[in-house]
Structure formats: structure tokens, C-alpha cells
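Okay, so here's the structure we're looking at.
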Protein chains: 2
Amino acid sequence: MMNKERKIELFKEKCQTKGIKLTPQRLLIYEELINSTEHPTAERIYSSITQKFPTISLDTVHRTLETFCTIGVATMAEGLGNSKRFEGNMDNHHHVHCVQCGMIHDVYDANYDQLLVPPQVSQEFKILKKIVHLEGICRKCQTEYENMD
Amino acid sequence: MMNKERKIELFKEKCQTKGIKLTPQRLLIYEELINSTEHPTAERIYSSITQKFPTISLDTVHRTLETFCTIGVATMAEGLGNSKRFEGNMDNHHHVHCVQCGMIHDVYDANYDQLLVPPQVSQEFKILKKIVHLEGICRKCQTEYENMD
DNA sequence: TTCTTAAATAAGAATAATTCTTATTTAAGT
DNA sequence: ACTTAAATAAGAATTATTCTTATTTAAGAA
Ligand SMILES: [Mn+2]
Ligand SMILES: [Mn+2]
Ligand SMILES: [Zn+2]
Ligand SMILES: [Zn+2]
């Protein structure tokens, strides 16, 4: 971990090196993000900011968060895209998700099945599911990238 | 694993024991689900079924998939709800997600950090993220359940 | 088999999350 | 101060999901 002033400093440098503009909106969104431990949604950040900065638009918050992920100062918590994905496979297994095409493959691995829940977690949560979630780019999508200009 | 006829048999029994009606819609949706390896969305299942059964409604597919999860013949692939969740914490860590209130807590665990990617996965994917995703009910939500009639 | 009824469905409206379009503004380099 | 590409605001559009209500039906009872 790192103190917030330092993170903001690094954020400003990152904007520089990545060649994106340091706007008041971006700074506010970044501050809101690192001051929160709740993994906020775009809407949540928008609501907090709208008090200090009433003219900001929700779309800007969405765009900015995406930009932050791209330049590596934020991440989107693991998930599988906009729509719920279902399966009838009730065997214990894990997943690898192609973030490009959305494909989900099943992963069977004995080590993954044996993961223990840390005591500080099991004290606070009744755990219903333990899954290793891998994210990456599938071979097909990698090939498609290669063939792009 | 298990052959599909047997799964359908068990599905019918499950409807019995859970006291829910065995409708043609439910049977079709279940068959579609277990014949797919792609972790389909409701929309995807709806499209496939609509050919054989043109009067089915998308809402029925949604409701049915939820019912299937409730009676334990299907699951929803791991995710964090409808909206994207962001964070500025770029340290390597994992998550536990309360499926009731949506809260996400950070989990730091050295064992989790050391997970290896199975070779058959790394052959097919360029892995960008490895995360242990725990799901459960937080203490607060458990207490709230207790106080319900 | 026919009857009964609560459960389930279809259809479309409503809501929620996200993305797109376009005119306007602005950060940052000159 | 000037220039300009990038960024923003506003609102429309799109997509996913849920809700409402009238109708239909599965399944147990008679
Ligand atoms: Mn799976
Ligand atoms: Mn986190
Ligand atoms: Zn892919
Ligand atoms: Zn909770």
C-alpha cells in the first residue's frame, strides 16, 4: 500500500507519460476511487462527485473509469461482462474467461479445488462458492490481434 | 460427469421433490443448458429455443434460469451483479463477494497469490489475471436473515 | 376422466446499466 | 495568447433485466 498523496502524484505522472489530459473530472474520479474501499460502480462515483461538481456527466465517469483501466491506474473487479451466464454443469470446477470475445472455458484442477478459506474470511462470511477465476485472451483472439494494422 | 438422459431424469425428479411444475418451457431450457458448453446468457438460450418453440418469452427464460439456480440444477457463473465495479487498489489481491448485499471485500492470501495456471490453459490463453473469487453471505446479511419470519 | 386451483407463462411496459452521437469546451503545447 | 486534438455534457439509443397483468396450464383431487 501507499499513501493517497503519493498515489495522486503517480496518477498525474501517469497521465503525462500516457499522454492523456489531466482534467478536473479525472482527478476527482481518481480521488473518489482511491478513497473508497467498496469497489464502487460508475453510478456510485457519479453520485459522490455530483455534489462537489454538479455538471459532471455519468458518461464521463464511465469513460474515465475505462481510461483508468487502460492506463493501469484502476481495474474492473472480476466479472463476466454485462449479462449473466448460466450453466448446468454442477461439478466442482473453475473458469478462464477471454476478456476479448467473452468465451468462458471450464478449468478442472485438483489444486484449485483444495483452496482453503482464510480464517478472517470464514469468520465474517458463510462461504457458498470458491472459484479460481482466470482472465486472459484466447488463442483465437490473439491471432486476430496479430492480423490487425 | 453424467450422460444427458440421466441428467434430464434427475431434473424431472428434482422438479417433483421441489414441488415445481414440469413445463415444456422448463424442459426445453434445461436441455438447451446442458447441451451447451458456452455458459449461455438468457438471450442466447431464448434464441435457440425460439425456433422450436416460437411463443416462449424471454422473461420466462430469465425466470426459469433463476428457478434452476434456486433448486440446484444450474448455477450462474461467478460475477458481481449487473454493474461493473472498479477499484484503484492495484496490489495483487483476491475478493469475497456477498451475494446478498453485493459488498466486495479484499482478501490477501499468500497461497492464493501462488496459484499456478494449468498448462492446458496457458497453452490456449494469454493469462492477464488470476484471482480467487469467493462468494457467500456476510455476517450482517446473515443476521438480517435470522430476524426474518 | 373431468374439475379445480395455484403456479407458470406471454406480452409488453418499466427500469437500470452502458454506450453512442454531436455540439461545445478545454488542457496543454506552441 | 493561440491552436487544436482530446475531452466533456447532454441526451438519445441500446441492451439486459425485472415487473405487471391477463391468460393458460400442470398436476393433484374428486
Ligand atoms: Mn463452467
Ligand atoms: Mn479489491
Ligand atoms: Zn477470445
Ligand atoms: Zn451482505
Side-chain angles (χ1 to χ4, degrees), chain A residues 11-30 32 39-71 73-74 76-77 79-86 99 102 104, chain B residues 8 11-30 32 38-71 73-74 76-77 79-86 99 102 104:
Chain A
F11 168 70
K12 289 178 179 173
E13 285 173 22
K14 192 76 143 188
C15 289
Q16 276 281 333
T17 60
K18 293 284 182 174
I20 73 164
K21 293 181 184 171
L22 181 62
T23 64
Q25 291 91 338
R26 282 181 175 158
L27 194 52
L28 275 170
I29 292 168
Y30 186 70
E32 194 58 40
H39 305 80
T41 63
E43 176 63 42
R44 192 85 184 68
I45 289 178
Y46 173 69
S47 303
S48 314
I49 288 179
T50 214
Q51 295 162 16
K52 311 169 208 166
F53 196 117
T55 63
I56 198 170
S57 88
L58 177 55
D59 180 57
T60 295
V61 179
H62 272 109
R63 257 183 306 100
T64 299
L65 289 169
E66 197 179 308
T67 303
F68 287 179
C69 292
T70 304
I71 68 172
V73 298
M76 186 168 58
L80 300 161
N82 300 341
S83 6
K84 296 175 178 171
R85 306 277 296 257
F86 297 90
V99 293
I104 303 169
Chain B
I8 288 166
F11 168 71
K12 291 178 179 173
E13 285 172 22
K14 193 74 144 186
C15 289
Q16 276 280 334
T17 60
K18 292 285 182 173
I20 73 163
K21 292 180 183 173
L22 180 63
T23 64
Q25 290 92 336
R26 283 179 173 158
L27 195 52
L28 275 171
I29 292 168
Y30 186 70
E32 194 59 39
E38 64 168 74
H39 305 79
T41 63
E43 176 64 43
R44 192 85 185 67
I45 290 178
Y46 173 69
S47 304
S48 314
I49 288 179
T50 213
Q51 295 162 16
K52 310 169 207 163
F53 197 117
T55 63
I56 199 170
S57 89
L58 176 56
D59 180 58
T60 295
V61 178
H62 272 110
R63 258 183 305 101
T64 300
L65 289 168
E66 198 180 306
T67 303
F68 287 179
C69 291
T70 305
I71 68 171
V73 298
M76 187 167 59
L80 300 161
N82 300 341
S83 7
K84 296 175 177 171
R85 306 278 294 259
F86 297 90
V99 294
I104 303 170

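In what follows, chains are A, B, ... by sequence order, proteins preceding strands, each numbered from 1.
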Just by modelled atom types, is the B:His39 backbone N or O under 3.5 Å from a matching donor or acceptor in the A:Arg85 side chain? yes

Starting at atom CD1 of A:Ile71, determine the distance to atom P of D:dA6, rounded to an integer number of angstrom. 15 Å

Go through the steps to decide whether A:Arg63 and A:Gln25 satisfy the test side-chain contact (heavy atoms from CB on, under 4.5 Å), and finish with yes or no. CA-CA 11 Å; A:Arg63 257 183 306 100; A:Gln25 291 91 338; over 6 Å; no

Is there side-chain contact between B:Arg26 and B:Ile20, with heavy atoms separated by less than 4.5 Å? yes

In whole angstroms, the gap separating P of D:dA7 from CG of A:Leu28 amounts to 17 Å

Of the listed nucleotides C:dA8, D:dA26, C:dT18, the one nearest the side chain of B:Ser83: C:dT18

C:dA27, OP1 or OP2 - any side-chain N/O from A:Lys12 closer than 4.0 Å? no

Toward the 5' end of DNA chain D, by each residue's nearest nucleotide, B:Glu43 or B:Leu22: B:Glu43

Look at the side-chain N and O atoms of A:Lys84 and state whether any lies under 4.0 Å from the OP1 or OP2 oxygen of D:dT15. no

If the cut-off is 4.0 Å, is A:Gln25 near the phosphate of D:dA9, judged by side-chain N/O to OP1 or OP2? yes

Could you check how far CD1 of B:Ile45 sits from P of D:dA16, rounded to whole Å? 14 Å

Measure OH/A:Tyr46 against C1'/C:dA16 and give the value in whole Å, please. 15 Å

Among side-chain atoms of A:Arg44 and A:Ser47, is any donor-acceptor pair under 3.5 angstrom? no

Mind calculating the distance between NZ (B:Lys18) and P (C:dA7) to the nearest angstrom? 16 Å

Just to confirm, is there a sub-4.0 Å distance from OP1 or OP2 of D:dA6 to any side-chain nitrogen or oxygen of A:Thr23? no

Whole angstroms only, please: what is the CG-P distance between B:Leu27 and C:dT9? 12 Å

Which one is paired to C:dA23, where only Watson-Crick or G-U wobble pairs with both distances under 3.5 angstrom count? D:dT8

Between CG of B:Asn82 and P of D:dA16 the distance, given in whole Å, is 12 Å

For A:Glu13, does the CD atom sit with more than 12 other heavy atoms under 6.0 Å from it, leaving out its own atoms? yes

Please determine, for the side chain of A:Gln16, which listed nucleotide (D:dA16, C:dG29, D:dG28) has the closest atom? C:dG29

Taken to the nearest whole Å, NZ/B:Lys21 to P/C:dA6 is 10 Å

Can you tell me how far apart OG (A:Ser48) and CZ (A:Phe53) are? Round to the nearest 0.5 Å. 14.5 Å

At a heavy-atom distance below 4.0 Å, what parts of residues 48-67 of chain B sit against DNA chain D? B:Leu58, B:Asp59, B:His62

Plane angle bin for B:Tyr30 and B:Phe11 - parallel if under 30°, tilted between 30 and 60°, otherwise perpendicular: parallel

